[in-house]
Amino acid sequence: MEFNSKDITKKWQDEWRKEAIFEPKLNASKKKFFITVPFPYPSGSMHLGHMYTWTRADIYARFMRMRGYNVLFPQAFHFTGGPIMGMTQKVKERDQKTIETFRKQGVSEADLNRFAEDPKALAEYFTASFKEDFDNIGMSIDWRRKFITTSLSPYFSRFISWQFNKLKALGLITEGKHPVVWCPKEATPLGDHDRTEGEGESPQKFTIIKFRYGDFVFPAATLRPETVFGATNLWINPDGEYSAVKVGAERWIISKDSEDKLTNQFSSLGKAAPVKIADFLGKDVINPMTGEKLPIEPAGFVDTKIGTGVVMSVPMHAPLDFYGVSKLIRDGHVLKPKKVIDVQDEKNIVEDSIKKFGETSEGLKDATKFVYKKEFNYGVMNSNAGAFSGIAVKEVDGPICNALKDKNSYAEMYELTGKVICRCGARGIVKILEKQWFIRYSDKSWKDKARRLIEKLKVYPEEVRSQLLNTLDWLEDKATARKGGLGTPLPWDPEWIIEPLSDSTIYMAYYTIANKIEKLDLKSLTDNVFDYIFLDGKEKPKNDSAAFEELKREFEYWYPLDMRVSAKELLQNHFIFFLMNHAAIFEEKYWPRGIQINGWLTVSGEKLSKSKGATLTIKKGLETYGADQLRMVAAAGNGMDDVEWDPAAINAFDQRIGFIFEILQTCKNLKGDDKLIDRYLISKINRAIEESTDSLENFRYGSALASMFFGMYNEIKLYLELGGDSKDTVQRFLSTFIKLNHPVFPHVTEELNRHSQNETLLEGSAWPSFNPDETNALIENEFKILLNTVDDIKNVIKIIKKQPEKIAIGISNKENFDIYNKVVSEASKTKNAIEIRKNLRMNSKLLDKLLKNPNKLPEMQLEEDLENNVFLQAVEYLKRTFKCEVTIERRTKEDKSLPGKPSINIL
RNA sequence: GCAGGGGUAGCGAAGCGGUCAAACGCGUAAGGCUUAGGACCUUAUGAUUCAGGUCUUCGAGGGUUCGAAUCCCUCCUCCUGCACCA
């Protein structure tokens, strides 16, 4: 009988659906397990890269189902934000690449026309396409709970409104201003993906210190306000163009180049009038912190494009300033440089660093970096810093800025960390958005709560935990709404639409009620109702109370979320928000319990992108390879490793499954008795159960596969080769193999299971249990010795280059075994060969040999009889392998035989 | 720049203080099967030796230890994220 794994896929999918196995019901007597994957954007066809993460989740869902859990694995779709609108726009503009991709994926011209008109049509088309692909690849998803986001889905929108009202009531939403990278031509924020140049560049805050000269203010922009105590003078570029600008009641002198920039950052900026900067040279300004008079000096190195074009000179802490000031002093100016920061072991850090890096402009730049870093990390303010003396540089920024504010000498501005060019060609600038809604992720007590959550969380792989905790440290407030795109409006300010990373943080709770809530009257769903359902709100809603009670029971049964599965790029954004929002809104008992982070599926080392994805769609993959075959790819990775798409590996699957099927059919005819090899195989079966259970549980699917699939396959082959022929053992093997592999290869294993006269579905059947009493390390070890000996014999035959007539294998004598076992027991106490020899007090060649290499001390006890029997029972196998007479003898006197290493005589 | 994670055979990887020349998979080679190819089966796949031996490797360099791919330090290099962008 032929076994075609592709033909049976649909059959079993239908069977599972018919039994509604993926649609779990509340069952208080059963442990539940709730697992999710972040919802996808249905803005194109699903490709193999998508499949990777979902398959990993599905394997877990099926694994837990077999272990007796009531598993909920729902899936919704994200319509919020730009991706879907973006695609619509591209179709509308007839973007060639997009149109081509869609056509390849089988989108008709009529559909394309609909997409151009309506983002919803596009999203719904691909939602259906995703769902179909999910089903075809065997995802055990509960589709009753499917929903979409945005105001297109009023019930979900209501839920999001509740969430945001809740955050606001908790004081976690504020309104404020915010610097963004901005395209002046398109008048929109410039995200990384909108740039042709300058990815990763961001606004950097500069402190502006106001130095006054009469009515004028010289605003020096600096990254290091703490050095103000050591300022000797100001620098301006004598060849630069400068202007006087009204800022409030003040008149600022700034470079002409910085006018535009500041216009976007200061709403109160007045008209600019050019000034002759040379007129100010040599005039004295007042240092607001020290009251000292500082002269304005010329310097060609001042870049009028950076900051305000006015620079504070701090020679003892800035190599460039040191260089300039030294020159002035040589020319007879009276300037008195002073140090305000001390760093241990660095007396003259600026001078030394200039010597080290050289006086070229490149060298001075490097020296500057070096000094900044050193002083920031290790510096302490000294007595020249007055009240700030003794404070570490790291901590002093805030207090000094406050002091400057008190003296009305503080302002701030932003500068890009590098050049940014928009796709439209315009050069990006920093703009301060004056009115913007924020989630206060910087809130310290909120972070503390989140920290507690993360410490209790199960994290796979474990390394991810420290990354989450570290992310908390730098996490700042996040803008949470914007003016355009799809989404749910902010309930109190509906001009603003909640952005995608913010409306996807606690929606897993919505899954628990998604299949029931839409039957209720939308109008009845007040915030009080959600409070009642999710937060145990005191106030029991009056209308429809039975229905609400039911929702509450569902939530309380299924929550918290047990596992969230996703790829590594979401870790420091989505996951951190997801965890923080749960910490803020839900009671501790409903905090998430686990997350899994995986890598990507790569092709020639690169992540599957939209363009590559177009050719590696699920539909194509299913046609070419089959569902279980694709699933095997997802099971290849451990931890956060990326997995390379390797279709060649799929051969290994078909071939081995074919072999298992063959055994399944022939094993009925077996009639043998139990032998040592049966005990060996039973022991190995138990090892496979133990190992693969542990690996699956920890999302180490690559290891699980090596054990339960490849490992078990190799063991049954060995068993049969060594003459194993017990029907019971083989059937035991088969049923274990089939069950262990079911989470990864659900279709094929159901088929194999049915062929073994088993009428019940594997889905829902019990996971094999590990029985330590059936393992036998001694026997396993002896079979390993047998195989090693076979290798040795082959090796020798190769060397002597002749077909042997007879092979005599000698098992070592009792005396040797005794010595060997004594060494083993000593070696369990100490690995020190000298000590072992001291403890054993005996002379023996064997002992010398065993102790020769302390790295290779024997670790496992051996039994003479067992070794003898294993070889005796393998005689037929040995004869077959070497095609000659083979004898097994016990050696009474010394020959080359050692315990665990029989002697070989080839004649 | 900051934070986190990696660098092991031709490739993907396992091992994370002691039977490690390195599981498992892929690839490659030889033989078998076949009209032939594919598939499949068997064997080999660090170097050297030619009676089961020996030597050398785990990004580079130092250190700790009887013993290090595994622990510590320095350096090189790759990947991920750094927010209004999903």
Side-chain angles (χ1 to χ4, degrees), chain A residues 38 40-41 43 78 80-83 86 178 180-181 189-194 200 202 204 369 373 417 433 436-438 441 461 463-471 473-482 499-502 504 567-574 576-577 597 599-600 605 607 632 636-644 646-652 654-655 658-659 700 702-703 705-707 709-711 713-714 781 784 788-789 791-801 827 830-835 853-860 896 900-906:
Chain A
Y41 290 86
S43 62
H78 208 187
T80 312
H178 185 57
V180 292
V181 183
L190 258 181
D192 266 346
H193 58 289
D194 301 323
S202 59
Q204 183 177 32
K369 256 191 190 168
K373 207 171 160 183
T417 50
L433 296 178
Q436 175 66 275
W437 291 103
F438 289 92
Y441 288 125
E463 301 95 82
V464 165
R465 190 189 311 275
S466 59
Q467 201 170 350
L468 287 171
L469 290 170
N470 275 308
T471 305
D473 289 340
W474 58 256
L475 203 65
E476 286 165 29
D477 292 351
K478 177 174 187 331
T480 188
R482 59 162 97 142
E499 59 85 38
L501 278 172
S502 298
S504 60
K568 54 189 172 185
E569 75 272 17
L570 293 187
L571 185 61
Q572 280 167 108
N573 39 63
H574 167 72
I576 206 85
F577 302 144
I597 307 294
W600 299 320
K607 188 186 176 188
M632 186 167 87
N638 287 328
M640 275 196 292
D641 301 334
D642 294 339
V643 166
E644 177 72 12
D646 181 11
I650 288 172
N651 276 338
D654 291 329
Q655 184 268 111
F659 184 74
R700 302 177 52 76
S703 301
L705 213 54
S707 164
F709 188 70
F710 295 109
Y713 166 82
N714 289 342
N781 193 33
K784 200 170 160 192
N788 285 344
T789 308
D791 274 351
D792 285 345
I793 296 172
K794 279 181 191 162
N795 201 0
V796 174
I797 291 174
K798 207 167 96 188
I799 289 164
I800 60 173
K801 290 193 181 102
T830 172
K831 298 289 182 184
N832 192 324
I834 298 163
E835 222 156 283
N853 187 347
N855 254 335
K856 293 191 171 170
L857 287 170
E859 279 185 340
M860 196 176 291
K896 276 196 148 181
K901 198 152 178 97
S903 65
I904 303 163
N905 283 299
I906 296 176

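Protein chains get the first letters and strands the later ones, always in sequence-line order, with residue 1 at the start of each. Scope of the values below: all heavy atoms of this structure, side chains included, with no hydrogens, waters or symmetry mates.
Listed candidates were B:C84, B:G52, B:C20. Nearest to the side chain of A:Arg482 is B:C84. When distances are taken from the side chain of A:Phe710 to each of B:C20, B:G25, B:G52, the shortest belongs to B:G25. The A:Phe577 side chain lies nearest to B:A83 when the options are B:G5, B:A83, B:C79.
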Produce the list of close N/O pairs, under 3.5 Å, pairing protein atoms with atoms of nucleotides 12-14 of chain B; give distances to one decimal.
from	atom 1	to	atom 2	distance (Å)
B:A14	OP1	A:Asp641	OD2	3.4

Dump the pairs, protein N or O against N or O of nucleotides 28-33 of chain B, anything under 3.5 Å, distances to one decimal.
none

Pairs: protein N or O with nucleotides 42-44 of chain B N or O, under 3.5 Å:
from	atom 1	to	atom 2	distance (Å)
B:U42	OP1	A:Lys717	NZ	3.0

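Remark: A:Tyr441 pairs with A:Trp446, A:Phe577 by the ring pair (Phe, Tyr, Trp, His ring centres under 6.0 Å) rule, at least two apart or across chains. When the side chain to side chain contact (heavy atoms under 4.5 Å, CB included) test is applied to A:Ala479, the partners found at least two apart in sequence or on another chain are A:Gln436, A:Phe438. A:Thr480 is linked by a side chain to side chain donor-acceptor pair (under 3.5 Å) to A:Ser502, counting only residues two or more places apart in sequence or in another chain. Partners of A:Ala706 by side chain to side chain contact (heavy atoms under 4.5 Å, CB included), not counting sequence neighbours: none found. Looking at residues two or more places apart in sequence or on another chain, you find a ring pair (Phe, Tyr, Trp, His ring centres under 6.0 Å) between A:Phe659 and A:Tyr713. Looking at residues two or more places apart in sequence or on another chain, you find a side chain to side chain donor-acceptor pair (under 3.5 Å) between A:Thr471 and A:Gln572. Remark: A:Asp477 engages A:Ser442 in a side chain to side chain donor-acceptor pair (under 3.5 Å) (not counting sequence neighbours). In this structure, A:Gln467 has no side chain to side chain donor-acceptor pair (under 3.5 Å) partners at least two apart in sequence or on a different chain. The side chain to side chain contact (heavy atoms under 4.5 Å, CB included) search around A:Arg700 returns A:Asn638, A:Ser695, A:Asn698, A:Ser703, not counting sequence neighbours.
Contact between the side-chain N/O atoms of A:Asn573 and the OP1/OP2 oxygens of B:A83 is not found at any separation under 4.0 Å. Using a 4.0 Å cut-off, some side-chain N or O of A:Gln655 falls inside it from OP1 or OP2 of B:C41. Not one side-chain nitrogen or oxygen of A:Asn470 sits closer than 4.0 Å to the OP1 or OP2 atom of B:G81.
Nucleotide B:U65 forms no Watson-Crick or G-U wobble pair with any nucleotide shown, as no partner meets the under 3.5 Å limit on both distances. Judged by Watson-Crick or G-U wobble contacts below 3.5 Å, the nucleotide B:G4 has B:C79 as its partner. Across all strands shown, B:U19 forms no Watson-Crick or G-U wobble pair with both distances under 3.5 Å. Of all nucleotides present, none satisfies the Watson-Crick or G-U wobble test against B:G52 with each distance under 3.5 Å. Base-pair partner of B:C24: B:G12 (Watson-Crick or G-U wobble, both distances under 3.5 Å). In this structure, B:C40 forms a base pair with B:G32, meeting either the Watson-Crick or the G-U wobble geometry with both donor-acceptor distances under 3.5 Å.
Summarising the geometry of A:Arg482 relative to A:Pro500, their closest heavy-atom pair is NH2-CD, 3.7 Å, with the distance given to 0.1 Å.
Between A:Leu475 and A:Tyr713, it is A:Tyr713 whose nearest contact on RNA chain B lies nearer the 5' terminus. Nucleotides of RNA chain B nearest to A:Glu463 and A:Ala481 differ in position, and the one nearer the 5' end is that of A:Glu463.
Each of A:Leu468, A:Leu570, A:Leu501 was evaluated against A:Ile576; a single residue qualifies, A:Leu468, per the side chain to side chain contact (heavy atoms under 4.5 Å, CB included) test.
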